[in-house]
Protein chains: 2
Amino acid sequence: MSAGVDERGTEARATIVDVARHAGVSKSTVSLVLSGSSLVAESTRTRVSQSMSDLGYIYHRGAATLRGAKSRVLGMVINDLSNPFFVEMAIGIEEACQGGAFIPFIANTVENPVRQLQVIRSMREYGAAGLALSPAIASSALELKPLLSDMPVVQVMRRLPGLRASIVAPENRFGARKAVQHLIGLGHKRIAFVGGFPAMSVREERLAGYAEALDEAGLPYDPALVIEAPINPSGAAGVAPQLLRSSTAALCFNDVVAIGLIRAFAAAGVEAGRDFAVVGFDDIDEARHIFPALTSVAVNGRALGARAAQLLMRQLASGDFAPENILSPTTLVVRVSCGASRQPGVSS
Amino acid sequence: MSAGVDERGTEARATIVDVARHAGVSKSTVSLVLSGSSLVAESTRTRVSQSMSDLGYIYHRGAATLRGAKSRVLGMVINDLSNPFFVEMAIGIEEACQGGAFIPFIANTVENPVRQLQVIRSMREYGAAGLALSPAIASSALELKPLLSDMPVVQVMRRLPGLRASIVAPENRFGARKAVQHLIGLGHKRIAFVGGFPAMSVREERLAGYAEALDEAGLPYDPALVIEAPINPSGAAGVAPQLLRSSTAALCFNDVVAIGLIRAFAAAGVEAGRDFAVVGFDDIDEARHIFPALTSVAVNGRALGARAAQLLMRQLASGDFAPENILSPTTLVVRVSCGASRQPGVSS
DNA sequence: TTGTAGGCGTTATCAA
DNA sequence: TTGATAACGCCTACAA
């Protein structure tokens, strides 16, 4: 009579007790092997390891956390994975985690606050050690707060007003200001700001930079030139005609909007850079490749994500969760779509 | 003297016992409320719920699985989130999960078998109910098998030979055959197959379709025209010169390769569709938007992911994990890059 | 270096 | 309709 497991057809999950019995040691010894303790003899360790793989043993982390072990899982709550920028950010977080021996699990909230709530709750329930959070658009700090208490959280990219948590974000205001200064330098007087909706923190910051640059140049801030639109290609397409009537240049909320705009323009026979100046934000990969190449404020999502993960892991290691603010630099990358440097087409 | 928790500055996590005490019931009742049992009186339920939010109670799923509760978490192990196709697939899985009350957690293995092993192990340890797996390129069924035993697994897109698990995949062979038939119909005699490496299941299937079409048309299968390359834009760029020397058309392993190729060609003054026929595979969003628009075999990653998730949830519900094969249809979408329908440029 | 004895938060079983 | 009690698998002492 062995473990009383093999008897039935259905295999019960092997436990450390089974492993201990199989290896001829006590379960404490197995536990020590599991935690990589140096107390255990080399020969014992190999014997126990062998037994574990023989039995197909799988560590039961639920039982472990119950007893007080701490988790090596980081939750990444990302608002929209269909935007390549956030994918880059997620990859940056992942890369940083590898160095720190954490395993990141991603959840995509699709800009849905309800789903975000579910997802964060699940991550807590499963014992994630910390959270990297890029909040969904319409989410509120109020509903999140009770879920996040006593857990280290780093906000990435987006800031939820009222949430006392660290944040890693780009210098949105500065970048937007530079971009608009550049457009002004090219002689534009009627410059629009396109995309997003009020109450989005990133938009507010970028819009502030836009307003600053206008102000510096003595140009009026015209609310009619600040145009709301969904953050997707068709959202941008919808406002293209309006833009053409009201302005000669636009700073777009981000590259997704800018690219949507360039395409909508192209479909209408309007060429960005020649007939209308377009500047994006984020500098995603496609910005380089679209025709005409998109001038954009580079954010480097990968570095942003990496910094967030590093901050999170540092907080986890030190136990000090005092909120920190990290601003990561932005730079204007001038290409063709703003009309600064007209380049001839590839051939023809 | 209350729970002996509030006394110290540090708040311990509230448990059902704390909730029970706060609500003046037993912990069994709280447990019943948690599981949504209809046995409990309405008034009791509200009182308990109130206590839970008062105390900031968070369900401890580790303890629950320890006792035998089953998990509502699905693990999605994705090989490469920087490829938009796999992002689409992940989104498809997520969407399907929402309907089924499962929460999917994504892990990106970055085509790294070691990382994949870690990630799958973690998911098991944390008690994921099932796995949707798009295996990393160099991973082997052998090393995965012990980790996956007794857990429902659905492979998506890619097939790991030797792994006894369901699979949801596109009709790669059929799609590739159609694409090559189309190129042959346009008069091409020397058609290359570009991208990927041997031992990739998807490539083998697409290559088989390629070979079939050649055979049907009485054209020779020339190994020199089957060109290996990494699945990324620069990989494609590296083999562009070779392609121009050896052939007049190419079926690319996927759109990422095709797009890389088109760009490399453009940089060299070669226009796809005019000077060389290019066909991709997957029909990602960008295929429509690149210039010239890419002819591609459409796979619909979102639907593929959704099917996989549905299958997984069905297996979870029924308890029957018998492997199933689901082939999802592919269709050739003819655009400009294959040269079938030359369109004038937008302006000029 | 290894073994023994609780207890972590939850659910299932049974009683009341 | 609610309450008491015994597991579940692991970790942390402490003893040997």
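Computed over heavy atoms, backbone and side chain alike; hydrogens, waters and symmetry mates excluded. Residue numbers start from 1 in every chain, and the chains themselves are labelled A, B, ... in the order their sequence lines are given, proteins ahead of strands.
- Minimum heavy-atom separation, B/F86 to B/S134: CE2-OG, 3.5 Å.
- Atom pair A/R21:CZ and C/dG3:P shows a separation of 14 Å (rounding to whole Å applied).
- Within the 4.0 Å cut-off from OP1 or OP2 of C/dT2, at least one side-chain nitrogen or oxygen of A/T44 is found.
- The distance between atom CZ of A/R61 and atom P of D/dC11, rounded to the nearest whole Å, is 9 Å.
- Using a 4.0 Å cut-off between charged nitrogen and carboxylate oxygen, B/R47 and B/E42 do not count as a salt-bridge pair.
- In this structure a side-chain-to-backbone donor-acceptor pair under 3.5 Å is present from B/K145 to B/G162.
- A/L32 has its CG atom 9 Å from the C1' atom of D/dC11, to the nearest Å.
- For A/I16 and C/dT4, the CD1 to P distance is 13 Å, given to the nearest whole Å.
- Residues B/S166 and B/Q315 bring a donor and an acceptor atom of their side chains to less than 3.5 Å of each other.
- Sorted by first then second residue, the side chain to side chain donor-acceptor pair (under 3.5 Å) pairs that include residues 101-115 of chain A, not counting sequence neighbours, are A/N79-A/E111, A/N108-B/E94, A/E111-A/R158.
- We find that CG of B/D18 is positioned 13 Å from C1' of C/dT10, with the value rounded to whole Å.
- Distance B/R13 CZ to C/dT10 P: 7 Å, rounded to the nearest Å.
- With B/S35 contributing its side chain and B/S31 its backbone, the two residues share a donor-acceptor pair below 3.5 Å.
- Axis angle between the ends of the helix from C/dT1-D/dA16 to C/dA16-D/dT1, five pairs each and rounded to 10 degrees, works out to 30°.
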Show me the protein contacts with nucleotides 6-8 of chain C, counting only N or O atoms at under 3.5 Å.
residue: C/dG6; atom: O6; partner: A/K27; partner atom: NZ; Å: 3.2
residue: C/dG6; atom: N2; partner: A/R67; partner atom: NE; Å: 3.4
residue: C/dG6; atom: N2; partner: A/R67; partner atom: NH2; Å: 3.2
residue: C/dG7; atom: N2; partner: A/R67; partner atom: NE; Å: 2.7
residue: C/dG7; atom: N3; partner: A/R67; partner atom: NE; Å: 3.4

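- In this structure, the CG atom of A/L39 is 15 Å from the P atom of D/dC11, given to the nearest Å.
- Backbone-only engagement by A/T29 is indicated by non-hydrogen atom pairs under 4.0 Å involving sugar-phosphate atoms exclusively.
- With salt bridges taken as basic N to acidic carboxylate O contacts below 4.0 Å, one links A/E324 and A/R314.
- Residue B/S35 places none of its side-chain N or O atoms closer than 4.0 Å to OP1 or OP2 of C/dT11.
- No donor-acceptor pair closer than 3.5 Å links the side chain of B/Q118 to the backbone N or O of A/I103.
- In terms of phosphate contacts, A/S31 brings a side-chain nitrogen or oxygen within less than 4.0 Å of OP1 or OP2 of D/dC11.
- No donor-acceptor pair under 3.5 Å is formed between the side chain of B/N83 and the backbone N or O of B/D80.
- Regarding B/L34, its CG atom lies at a distance of 14 Å from the C1' atom of C/dA12, rounded to whole Å.
- Listed nucleotides C/dA12, D/dC10, C/dT11 differ in distance to A/H60; the shortest reach to its side chain belongs to D/dC10.
- Closest contact between the side chain of B/S28 and the listed nucleotides D/dC10, D/dA4, D/dT2 involves D/dA4.
- Nucleic acid contact for A/V30: none, since no nucleic acid atom lies under 4.0 Å from a heavy atom of the residue.
- Using modelled atom types, one finds a donor on one side chain and an acceptor on the other under 3.5 Å when comparing B/Y126 with A/S71.
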